[in-house]
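Residue numbers begin at 1 in each chain, while the letters A, B, ... track the order of the sequences.
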Amino acid sequence: MSAVIEEHHDDHHHGPDKGIMRWVLTTNHKDIGTLYLWFSFIMFLTGGVMALVIRAELFQPGLQLVQPEFFNQMTTMHGLIMVFGAVMPAFVGLANWLVPMMIGAPDMALPRMNNFSFWILPFAFAMLLSSLLMEGGAPNFGWTFYAPLSTDYGPPSTTFFIFGVHLMGISSIMGSINVIVTILNLRAPGMTLMKMPLFVWTWLITAYLLIAVMPVLAGVVTMMLMDIHFNTAFFNAGGGGDPVLFQHVFWFFGHPEVYIMILPAFGVVSAIIPTFARKRLFGYDSMVYATASIAFLSFIVWAHHMFTVGIPIAGELYFMYATMLIAVPTGVKVFNWVATMWQGSMTFETPMLFSIAFVILFTIGGFSGLMLAIVPADFQYHDTYFVVAHFHYVLVPGSVFSIMAAVYYWLPKWTGNMYNETLGKTHFWLSFIGVNITFFPQHFTGLAGMPRRIPDYALQFADYNMISSCGAFLFGFSQLLFLFIVIRTIKGGKKATDQVWEGAHGLEWTIPSPAPYHTFSTPPKDLSEAHG
Amino acid sequence: MIRAKSSQWITGLFLLLSGHAAFAGWGDLNMTRGVTEISREVYDLHMIIFGVCVLIGIVVFGVMIVSMLMHRKSLGAKPATFHENTRLEYLWTIIPIVILIGLAVPATGTLRAMYDAGESDLDIEVRGLQWKWQYTYLNEDPTREVKFVSNLLTPATEINNQADKGQFYLLEVDEPLVIPVNKRIRFLITSEDVIHAWWVPAFAVKKDAVPGFVHESWAIVEEPGVYRGQCAELCGKDHGFMPIVVHAVEQSEYETWLAGKQEEARLVYETVGKEWTKDELMATGEDVYARVCQTCHQANGQGIPPAFPSLVGTGLSVGPIDAHIDIVVNGKAGTAMQAFGSQLNPAELAAVITYERNAWGNDTGDVLQPSRVNEMLTGGQ
Amino acid sequence: MSDTNSATHYEPYYVPHNSRLPIFASIGIFLTVFGIGHILNAMTAGTSGSLGVTILLIGGLVMGFTLFSWFAVVIRENHEKLYSDQMNRSYVWGMSWFIFSEVMFFAAFFGALFYVRVFVVDWLGGVGDRGPSGMLWPEYSPEWPMLNTPDEARFPGPESTIPPFQLPLLNTILLVTSSFTVTFAHHAIKEANRKKLIGWLGLTIALGLIFLFVQAYEYHHAYVDLGLTLGSGIYGTTFFMLTGFHGAHVTLGTIMLIVMFGRALKGHFSGDDCFGFEAAAWYWHFVDVVWLGLFVFVYVLGS
Ligand code: HEA
Ligand code: HEA
Ligand code: CUA
Ligand SMILES: [Cu+2]
């Protein structure tokens, strides 16, 4: 260990180290945030390329590019990488950058552990990706890895997949402990909970979800590991177990997981819309309560992914009602955003465009979610492209759009430079059009009866699949423009002011742009700007 | 080749731009109404929720769009200062609850009807196997039980784009399930290996086939016809190649078919006793191999190691014949290698084993007679 | 809750400039699991796992040294009075939520046990409303503990189970007692009575070790005499997984206490500065509570 031990007071005298070791050894929340965000973007491209392999194979009926077994590996890896590698780390990256700046803290509460949380991830994903080269190929049982397909019939790389999940779990748990402790313990004096920006609130609740469910995921993969290598009978009826037990435990994790991917997005949008409507967020309190209700409800609805699995009717009814209830607090959020826009004085810069698209397209995804919640109808929708359409609407123009909105919104603060607005808007429109061309037709193919996770399909689904594939390439390649815009902004551009956006409120806008390496070494005195 | 591809992409884009006109009617875009009372109820339910969502969408997006058009800075809009309104917030909490209750009521009704199995006229065990379905007509009298496996019929040439695709590409099987109309059929759904799901959209029946458990579902089909579905749970490599075809026929036709099936089974047992020539066995064996074994062990016998072993030149296929018969008849628990003793008849088993031992350069010269396999089958029980 | 403790006055907060520890920890943990993965795959495939053993050894060493230095650094920084009360609160919160995550990990396994006991055992026999699954397992009849599994060939059931009111009861007494002794040790710190601290803490560790010994003995008995193994169907599965993970946590807790013992000998801890000790003690209590759950649900209600 370095013998230099600085008092925090001196911290602002230190800039970042030089060279690569800055990134490897850093304990600075901004550096770590940046690491997370770049990691996430690389994973997004990786998972995206896999999606493009899927879409290219599905461009027309028949097997053209890949064999079924490789197709299944692509589906699985695409889902896993997007969920655990792209969306979750992106939000952790945003939390790292923003939470301390929003609550007036000098850094994250446990800075070394923060670095640990990040650096586990590249190893975990390297291990996961290396399974593509292993004998027998990568995991091929879907991102939901149902037993016994994953236990008795999985490839040897399943073992490494399991340990990869363990590593991601450790990373997420440490990351969320850090977020919780930072928020509970490091707020500037006078920053009460109900004064925190909504992004901070949503992350606090998300962190609780993570701490509660990541260990359960670790538990279920451990059960798998034992079934594979030690002849235990968790998921084997012959020994008194039940394959459906796997699904219960998995979805007890899996459903809160999908809210983990959307709650921080709600926070981002709740920061951006007021700024560009130049009007305070409507219904701050109810936003907080709605977020908490969604989080609570998310624990008691898991079996809506398992309606066709043969659950007794009482269970089906209960899970249907509970699931439908989630529409109420989510509706509150949507209505609040609309009310914030109402009678505002709006401008439509790129972050706002992404946020508005978020509200509309996420709501469409929510509607299809509600349709899926209706058990008898779900018997027809389940495991078809209707489900694929549902979750891509909430995840791509939902979570991913919100991340992009956040990057455009805070990039000037991070880099000190404005991005090019014309390019940003071009990126938005290409993405918006691309995403809808890709995923809207999937509603139709799904209703018409096309199952998901198939490499080849019957002829009546051909037209819509072709459209969907075209959209996927349009959307995918538009993201290269995003990369270009971000790099250009980092390199230079018009200097950003401290407040950056005319309507922006919050502590992060009171500090200089670019944000100095250390902020709030002494807590801010004036919190009048704090409210989100 | 490249040109053909790019022209298809252009067609795709064209279809896109020309909007829906180029497509078949609404029927192809929407859920099927189906041919059972339940399936029509489900369809109606689907249309109701869909309608409700569209209406809410119009209201919410309408307000947003008006706001975006009118309350923009470029039009000189000044921001209002309100930021809460308790009455409004209560209202938009309560109205959705009311709407949801309105949806839950009919949904509950339909679900109850679906779970109310009643007294069945005919019980059929539906068993999923990697990657085919086995149907058993359960009967009071086990000797009259009819049992067969239903495989994908679409040839590999069509899948690999070496031949034109037929009308029912991927949705055709060698032996469809045959059921009488207007009878309450109970499906007892289970699986041999991994989870599959038996789904016929026209009946609104989708139920997971879970190994070790039996799940029930039922249908009363009202119109004769051919109904097609697919396996709806990822079950491994050929999950996409595991279709379901059901022929619903009039009762009399059903009975004729059933009698034919029973007669067929009897004939098979007669052939077991007879002495087969090697050529007969090889011909039948090649046939069976292509139909049953090829998905895993591949046409050239090389398999896809390590998941599916090669049968050429190594292992049991050129080793002691008893062990070879054993693995084909009894399978290997916990692997994809199934117990084919219950799927194929002794003649087919003998033929396919003979074929394996003499094809692809495995020239063992062994000839296995069905009677020998039959001994193992009956003796082994 | 923390409106009051959200630093109503300003305290200095120590932020280390950078650190080599986390990257080493990441490498260490990665090598560890990678090695174990190799060993397990080799074991199941029946090939040699020596490569895996090497990787695991390297990983374990890296991980061990890193953790050791990590704690050493934290202790040193604490001694150098770099930590404010607020910093200590961060550690308190951190440890609490870590324990909560452990609770959820056990919850998954308890959940599996309950689900199997309440539903699956009956369903497999065709009882209850999940279809006539009994037709697949004509020989099987629902009972708990499950001494006859549906597929006796692959999962031969155990002959009998462990009677709760013998060794398990002894273990319960041991652990509950140790929860008291560790509390006495804590009081000793508050009273600044080092002798007493060392005595009670030493006793706690001894109780933990005896517990582990009894547990090992019981496992041996189960495997050798009762045919109760990981592979003897769902009873053995849940029994060994729940008690096994608990045992692993007792081991970890004991190691933590031993470290605290060493620190106590070196004269660490004072009444207002003993977070390390407290963290270990909470962990110990947590392990104790889990055991009570096990005793009730696995042993008493399980036989
Ligand atoms: C970010 C991720 C995310 C989010 C936010 C959601 C949100 C919701 N999801 Fe989704 N879901 C997924 C990700 C997500 N989902 C994924 C990944 C899968 C598939 C997993 C797999 O199998 O691989 C899935 C699958 C899935 C299923 C299983 C389908 C199946 O396999 O058969 C169901 C069933 O109930 C469901 C329901 C819902 C509901 C009711 C919501 C609700 O939260 C939506 C609430 C929102 C609204 C309803 C819109 C706004 C509200 C209003 C404007 C108010 C007024 C409205 C009404 C009164 C109707 N989802
Ligand atoms: C957050 C999560 C997320 C995101 C962002 C996406 C993004 C996309 N998804 Fe994904 N998807 C899932 C989560 C997600 N998906 C999940 C959970 C599943 C279920 C998996 C399962 O069944 O188990 C799934 C399944 C799934 C399927 C169904 C597969 C099947 O059932 O067989 C399809 C098919 O169209 C699909 C398509 C796409 C497309 C086109 C995108 C596009 O948005 C992708 C955009 C493309 C890019 C971003 C590529 C950009 C890269 C380049 C242009 C190349 C640059 C190259 C270099 C720099 C070297 N996804
Ligand atoms: Cu069988 Cu999918
Ligand atoms: Cu869900």
Side-chain angles (χ1 to χ4, degrees), chain A residues 1 5-6 8-9 11 14 17 24-27 106-107 109-112 115-116 119-120 123 127 156 159-160 163 166-167 173 177 180-181 184-185 187 189 191-193 211-212 215-216 218-220 223 226 228-234 237-242 245 248-249 310 312 522-523, chain C residues 2-3 6-10 12-23 25-26 29-30 33-34 37 40-41 43-44 69 73 80 82 86 89-90 93-94 97-98 100-101 104-105 107-109 111-112 115-116 120-121 124 129-131 146 149-151 154-155 230-231 233-234 237 241:
Chain A
M1 274 310 298
I5 293 179
E6 322 88 32
H8 67 286
H9 287 301
D11 277 358
H14 291 268
D17 289 352
V24 177
L25 304 183
T26 183
T27 53
D107 204 297
L110 303 161
R112 278 180 292 238
N115 175 305
F116 189 21
W119 276 105
I120 288 183
F123 290 104
M127 187 157 79
T159 311
F160 295 103
F163 284 120
H166 277 130
L167 291 184
I173 291 171
I177 289 180
I180 292 181
V181 176
L184 290 188
N185 196 26
R187 274 169 292 132
M191 168 80 69
T192 60
L193 287 176
I211 295 199
V216 175
V220 77
M223 294 179 201
M226 298 305 288
I228 294 173
H229 295 294
F230 297 96
N231 201 31
T232 53
F234 283 112
D242 184 353
L245 168 62
H248 281 292
V249 189
T522 49
Chain C
S2 48
D3 278 356
S6 80
T8 33
H9 64 287
Y10 171 64
Y13 199 86
Y14 172 69
V15 178
H17 178 58
N18 61 23
S19 171
R20 245 168 293 174
L21 293 164
I23 187 71
S26 306
I29 200 170
F30 164 70
V33 296
F34 198 62
L40 289 179
N41 270 1
M43 181 189 88
T44 301
S69 351
V73 166
E80 288 169 6
L82 289 173
Q86 194 182 10
R89 270 200 304 279
S90 288
W93 280 118
W97 292 114
F98 167 68
F100 175 66
S101 77
M104 291 308 293
F105 182 78
F109 287 88
Y115 177 79
V116 167
V120 180
V121 171
L124 282 170
D129 33 13
R130 190 169 148 206
M146 188 187 278
T149 61
D151 183 353
R154 185 162 169 209
F155 300 98
L230 273 172
I234 196 68
T237 298
M241 291 304 288

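Using a 4.5 Å cut-off between heavy atoms, A/L245 contacts chain C through both its backbone and its side chain. Proximity to chain C involves both the backbone and the side chain of A/F230, based on heavy atoms less than 4.5 angstrom apart. Heavy-atom distances place no part of C/A107 under 4.5 Å from chain A, backbone and side chain included. For A/I211, the parts lying near chain C are the backbone and the side chain together; criterion is any non-hydrogen pair under 4.5 Å. For chain A, the nearby parts of C/F105 are the backbone and the side chain; heavy atoms of each come within less than 4.5 Å. Using a 4.5 Å cut-off between heavy atoms, C/I23 touches chain A through backbone and side chain atoms alike. Proximity to chain C (any heavy atom under 4.5 Å) is shown, for A/H166, by neither the backbone nor the side chain. Of the two parts of A/P111, only the side chain, counted from C-beta on, holds a non-hydrogen atom closer than 4.5 Å to a non-hydrogen atom of chain C. For A/I120, the parts lying under 4.5 angstrom from a heavy atom of chain C are both the backbone and the side chain.
Checked by atom type and distance alone, the side chain of C/S19 pairs as donor or acceptor with a backbone atom of C/L21 at under 3.5 Å. At distances below 3.5 Å, not a single donor-acceptor pair connects side-chain atoms of C/T149 with backbone N or O atoms of C/G233.
Note that the CD1 atom of A/I228 and the OG1 atom of C/T44 stand 8.0 Å from one another [nearest 0.5 Å]. To the nearest 0.5 Å, atom CG of residue A/N185 and atom CH2 of residue C/W93 are 8.0 Å apart. A/N231 CG to C/T237 OG1: the interatomic distance, rounded to the nearest 0.5 Å, is 8.0 Å. Note that NE2 of A/H229 is 3.0 Å distant from OG1 of A/T159, once rounded to the nearest 0.5 Å.
Listed options C/L40, C/V116, C/D151, C/I29 were ranked by heavy-atom pairs under 4.5 angstrom with chain A; first place goes to C/L40. Chain C forms more heavy-atom pairs under 4.5 Å with one residue of A/V249, A/D107, A/V216 than with any other, namely A/V216. For the options A/I173, A/L110, A/I177, heavy-atom pairs under 4.5 Å to chain C are most numerous at A/I177.
With sequence neighbours excluded, the residues forming a side-chain hydrogen bond (donor to acceptor under 3.5 Å, both in side chains) with A/D17 are C/H17, C/N18, listed by chain and number. In this structure, the side-chain hydrogen bond (donor to acceptor under 3.5 Å, both in side chains) partners of A/D242, at least two apart in sequence or on a different chain, are C/Y115, C/R130.
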